[in-house]
Structures are given as structure tokens and as C-alpha cells.
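Whatever order the structure lists ligands and atoms in, that order sets their numbers, starting from 1. We number each residue from 1, following the sequence as shown.
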Amino acid sequence: MTRPGLLRIGELSRRSGVSPELLRAWERRYQLLHPARSQGGLRLYSLEDLDRVRVMQQHLARGLAAAEAAAIATEPPAASGTETLLDGAKDELAGALAAFDEPRADAVLDSLLATATIDTVLATVVMPYLDDLGKRWKRGDASIAQEHAATAMLRGRLLGLARGWGRGLGPRIVLACAPGEQHDLGLIAFGLALRARGWRVVYLGADTPLTSVADAARACDAAFVVVSAVTPKPFRAHRDELRTLARKQRLCLGGAGAAEAALDSYIEILSGDLVDEAERMTALVDGR
Ligand code: B12
């Protein structure tokens, strides 16, 4: 991997699914990309370049001509407009999901993803929405059916965005929920934030036995393993197995339960906001 956020043309092509030839043409014709130069003179592209390519693709898929799509993709975001869009989007998403209106919820997410990065969409809309949903569910203001339908829909969308997160050349990370743990949305979102920073994700999902986590990490030569849980209970119940795993792999514990788990000091705890923690892990593996 090059520096986080700096990609060679091949990696930009793999991540966006656009051929290097077409990327160069878009750079030349529409100034869509603004590469920096490495010491050896190689072009290095930023995550903002990748975002612009994705916005361009979304508008092409909607039938716009290339010049029109490029004009939108290269427009500087109007800060206040974006903020207003994000503010309104959480309420709109909540309204659509509460009414079991999947097409409307999809449309809200589509328009958000066309204008904001995945980090922003996760941190300002999806995660706060899930937090509110949990509070409403606890108060009895959201039914079990509404909670199940909403989380199933969001989980599907997040996993859709995750397609191809195992590809590329970055370091590999194995993500798994602790044994007995069903809450995997935070872990998927964390994987997406890592993916945006060049990691390759091997996702094992809910309720994974720790011996299987160890097998997978060994088989794919993972740089890191993250085990997550919403409460400290599974971490405490599997303390010895976690210690064994930590002797073989670089292990981190994540999710709301990690902060209270109080295990050994050599097991890294990721207890902050998931985008910040993805940034911190990237710095760790880069030796920054
Ligand atoms: C959706 C949901 C479910 C779904 C999960 C679907 C899925 N595939 O994930 C289902 C229906 C399966 C479910 C089941 C249960 N749930 Co539930 N669930 C929720 C709900 C509404 C949203 C969870 C969620 O995804 N939140 C979004 C995440 C991302 O937010 P977060 O967990 O606060 O995480 C923050 C950080 O910790 C960080 N983060 C999260 N994960 C990770 C991972 C890493 C690596 C990192 C770095 C950071 C990170 O990101 C977040 C934002 O900063 C919450 C309410 C809530 N407030 O969260 C309840 C909640 C988590 N559930 C709860 C409970 C009690 C249960 C059940 C026991 C209910 C039951 N009686 O059956 C079962 C347990 C199942 C099990 N064995 O795990 C409680 C937990 C209370 C507690 N602390 O003990 C909550 C808080 C609801 C409540 N207010 O009571 N649940």
C-alpha cells in the first residue's frame, strides 16, 4: 500500500472498476483527477479523486453525458447545502423506514452516497439513526417489526457497498463478532471505513467461534484481527481464548462492549467512534 489515501492508477482502477485508460481520459478531458507525484514521478491519486470517480459513475449510470457528469463531479461541494442535506436525510430515512417504505429509504441513501463520502454517511446519518432507533425501541416507540425491517434493509445496503472489499493490495484484516454476538452493523460499518483507507477486509460476521477466527487469520495472513461485541459479556466469557488468539495475532477488540472489557494490556481496545478508530488502525499498520 502507498500512503493511506494515495493510490496508484491500478489501485484506483480496481477500487472504482474503471479502466486505467478511461481514468486517464477523464483526467485529461475533464480534470476529474488531481494526482500528486511520487519522488519517482508516478501519479498518486487521493481518496477525493476516488470519490469524484464514483460520483461521475453514478451520474453516467443515470444517463448523463460524460461532460455533464464530470461537471457535477468536479463541482466543489456547497458546505451549507451538504449540511442541510445530511440533517434532513436522517429524518427522511427514519420516516421511510418507519413506514416500511424501502424504495424511499433506498433513494435517500442513493442521493446521500452521490454527494458525501462513505465516512460522512456512516458517521452523520446511518449510525445516529441506529442509535435513535434503539432508544425508540427501548421506549416502545418503535415496534420490533420496524426495528427488524430497518436493520435488515440497512444491513443489506451496507453489505452491498462492501462488495469487493476483499480486493486490492492493502493489508488484510479479519473482522468477526464475538461468540454469541448478533450485532454486526457496527462491524460492517467499521469494515467500510477501513476499506476507504485501502484495507482488504475478510468478514466473518455474527457469532463466530474464536478458534475459527484464528484459523481464518492464519489462512489469509491477516495483519490484524478485530473481534467486536456490544456488551463486555462475550469478551469476559472468552477471556482465555482471546488471550490465546492475541499471542498468535495482532488482536483488537471493538464495539461498545470493548471499553469495559478490561482484558490484558497487549490487546488493543477500539472504543471510539468507528471512523476515528479506522483512521487510528491505519496509522498503526503504517507505523505512523
Ligand atoms: C439492530 C439491533 C439489534 C439487531 C442486530 C442486527 C444486526 N445484524 O446487527 C438484533 C435484532 C439481532 C438485536 C438483538 C438483540 N439486541 Co439489539 N440492538 C439493535 C440496535 C437497535 C442497533 C444496534 C446497532 O447496530 N447500532 C449501531 C452501532 C454501530 O452503534 P453502537 O453499538 O452504539 O456502536 C457505536 C460504537 O461502539 C462504534 N462501534 C460499533 N461497533 C464497532 C466495531 C468496531 C470494531 C469499532 C472500532 C467501533 C464500533 O460505532 C457506533 C457509533 O460510534 C441497538 C440500539 C443501539 N443504541 O445501538 C440494540 C441494542 C444493542 N440491543 C440490545 C439488546 C438487549 C439485544 C438483545 C439481547 C435483545 C433480545 N432480548 O433478544 C438481542 C441480543 C442478540 C445477541 N445475542 O447479540 C441492547 C443492548 C443493551 C446492553 N448494552 O446490554 C441495545 C443497546 C438496545 C437497548 N437500548 O436496550 N439487536
Side-chain angles (χ1 to χ4, degrees), residues 90 93-94 97-98 105 118-162 165 173-197 199 201-209 213 217 222-238 242 249-261 263 267-285:
K90 183 162 80 71
L93 182 68
L97 289 170
I118 185 74
D119 280 359
T120 306
V121 175
L122 291 174
T124 59
V125 178
V126 177
M127 293 302 132
Y129 163 75
L130 283 168
D131 192 41
D132 284 355
L133 176 66
K135 287 179 187 140
R136 280 189 284 121
W137 172 71
K138 208 173 171 189
R139 287 198 306 264
D141 293 342
S143 69
I144 292 179
Q146 284 171 323
E147 180 273 315
H148 275 38
T151 49
M153 187 272 174
L154 286 175
R155 190 169 182 278
R157 280 302 301 244
L158 295 183
L159 285 175
L161 292 171
W165 65 2
I173 188 157
V174 169
L175 303 181
C177 290
E181 180 62 61
Q182 294 297 335
H183 298 95
D184 71 344
L185 287 164
L187 193 62
I188 297 171
F190 180 62
L192 289 171
L194 288 172
R195 178 63 185 149
R197 289 164 176 78
W199 291 76
V201 176
V202 177
Y203 184 68
L204 308 184
D207 184 15
T208 313
V213 177
F224 268 100
V225 171
V226 175
V227 177
S228 99
V230 162
T231 70
K233 230 165 91 184
F235 294 135
R236 289 181 186 143
H238 297 275
L242 285 167
Q249 304 289 339
R250 286 183 82 176
L251 175 66
C252 299
L253 304 185
E260 299 165 51
L263 290 180
I267 300 179
E268 187 85 34
I269 301 292
L270 306 174
S271 58
D273 168 85
L274 55 87
V275 172
D276 293 345
E277 293 296 21
E279 192 61 45
R280 192 160 72 88
M281 286 218 60
T282 309
L284 268 181
V285 81

Undergrad: Among protein heavy atoms, which lies nearest atom 40 (C) of ligand 1, and at what distance?
TA: Gly186 CA, 3.7 Å

Undergrad: Heavy-atom contact under 4.0 Å between Lys135 and ligand 1?
TA: no

Undergrad: Considering only distance and modelled atom types, tabulate donor-acceptor pairs under 3.5 Å from the side chains of residues 132-140, sequence neighbours left out.
TA:
{"from": "Asp132", "atom 1": "OD2", "to": "Lys90", "atom 2": "NZ", "distance (Å)": "2.6"}
{"from": "Lys135", "atom 1": "NZ", "to": "Asp131", "atom 2": "OD2", "distance (Å)": "2.9"}
{"from": "Arg139", "atom 1": "NE", "to": "Asp141", "atom 2": "OD2", "distance (Å)": "2.8"}
{"from": "Arg139", "atom 1": "NH2", "to": "Asp141", "atom 2": "OD2", "distance (Å)": "3.2"}

Undergrad: Checking a contact table here: which protein heavy atom is nearest atom 9 (O) of ligand 1, and how many Å away?
TA: Asp184 N, 2.8 Å

Undergrad: Considering non-hydrogen atoms of the protein only, which is the closest contact for atom 50 (O) of ligand 1, and what is the distance?
TA: Leu274 CD2, 3.3 Å

Undergrad: Any protein heavy atom lying closer than 4.0 Å to atom 35 (C) of ligand 1?
TA: no

Undergrad: Under the side chain to side chain contact (heavy atoms under 4.5 Å, CB included) rule, collect the residues that match up with Ala229, sequence neighbours excluded.
TA: Ala178, Glu181, Pro234, Phe235

Undergrad: Could you tell me the residue and atom name of the protein heavy atom closest to atom 43 (C) of ligand 1, and the distance to it rounded to 0.1 Å?
TA: Gly255 N, 3.4 Å

Undergrad: With the threshold set strictly below 4.0 angstrom, can you tell me whether any protein non-hydrogen atom sits that near atom 31 (P) of ligand 1?
TA: no

Undergrad: Can you list everything that forms a ring-ring contact (aromatic ring centres under 6.0 Å, His included) with Tyr203? Sequence neighbours excluded, please.
TA: Trp165

Undergrad: Do any non-hydrogen protein atoms sit less than 4.0 Å from atom 72 (O) of ligand 1?
TA: no

Undergrad: For atom 20 (C) of ligand 1, is the nearest protein heavy atom under 4.0 Å away?
TA: no

Undergrad: Hey, could you give me the CG/CG distance between Asp119 and Asp276, rounded to the nearest 0.5 Å?
TA: 9.5 Å

Undergrad: Return the closest protein heavy atom for atom 82 (C) of ligand 1 as residue, atom name and distance.
TA: Thr231 CG2, 3.6 Å

Undergrad: Among Glu260, Glu147, Arg280, whose heavy atom sits nearest atom 2 (C) of ligand 1?
TA: Glu147

Undergrad: Among all protein heavy atoms in this structure, tell me which lies nearest to atom 45 (C) of ligand 1, with the distance rounded to 0.1 Å.
TA: Phe190 CD2, 3.4 Å

Undergrad: Should the proximity of Val226 to ligand 1, defined as any heavy atom under 4.0 Å, be assigned to the side chain, the backbone, both, or neither?
TA: side chain

Undergrad: Starting from atom 89 (N) of ligand 1, what is the nearest protein heavy atom, named by residue and atom, and what distance separates them?
TA: Lys138 CD, 3.3 Å

Undergrad: Flag atom 58 (O) of ligand 1 as yes if some protein heavy-atom distance to it falls below 4.0 Å, otherwise no.
TA: no

Undergrad: Right, does atom 65 (C) of ligand 1 have protein non-hydrogen atoms nearer than 4.0 Å?
TA: no

Undergrad: Give a yes/no verdict on whether any heavy atom in Ala189 is under 4.0 Å from an atom of ligand 1.
TA: no

Undergrad: Return all protein N, O or S atoms below 2.8 Å from atom 17 (Co) of ligand 1, chain by chain in residue order.
TA: His183 NE2

Undergrad: Nearest protein heavy atom to atom 28 (C) of ligand 1, by residue and atom, and its distance?
TA: Met127 SD, 4.1 Å

Undergrad: If we count only non-hydrogen protein atoms and require a distance under 4.0 Å, does atom 84 (O) of ligand 1 qualify as touching the protein?
TA: yes

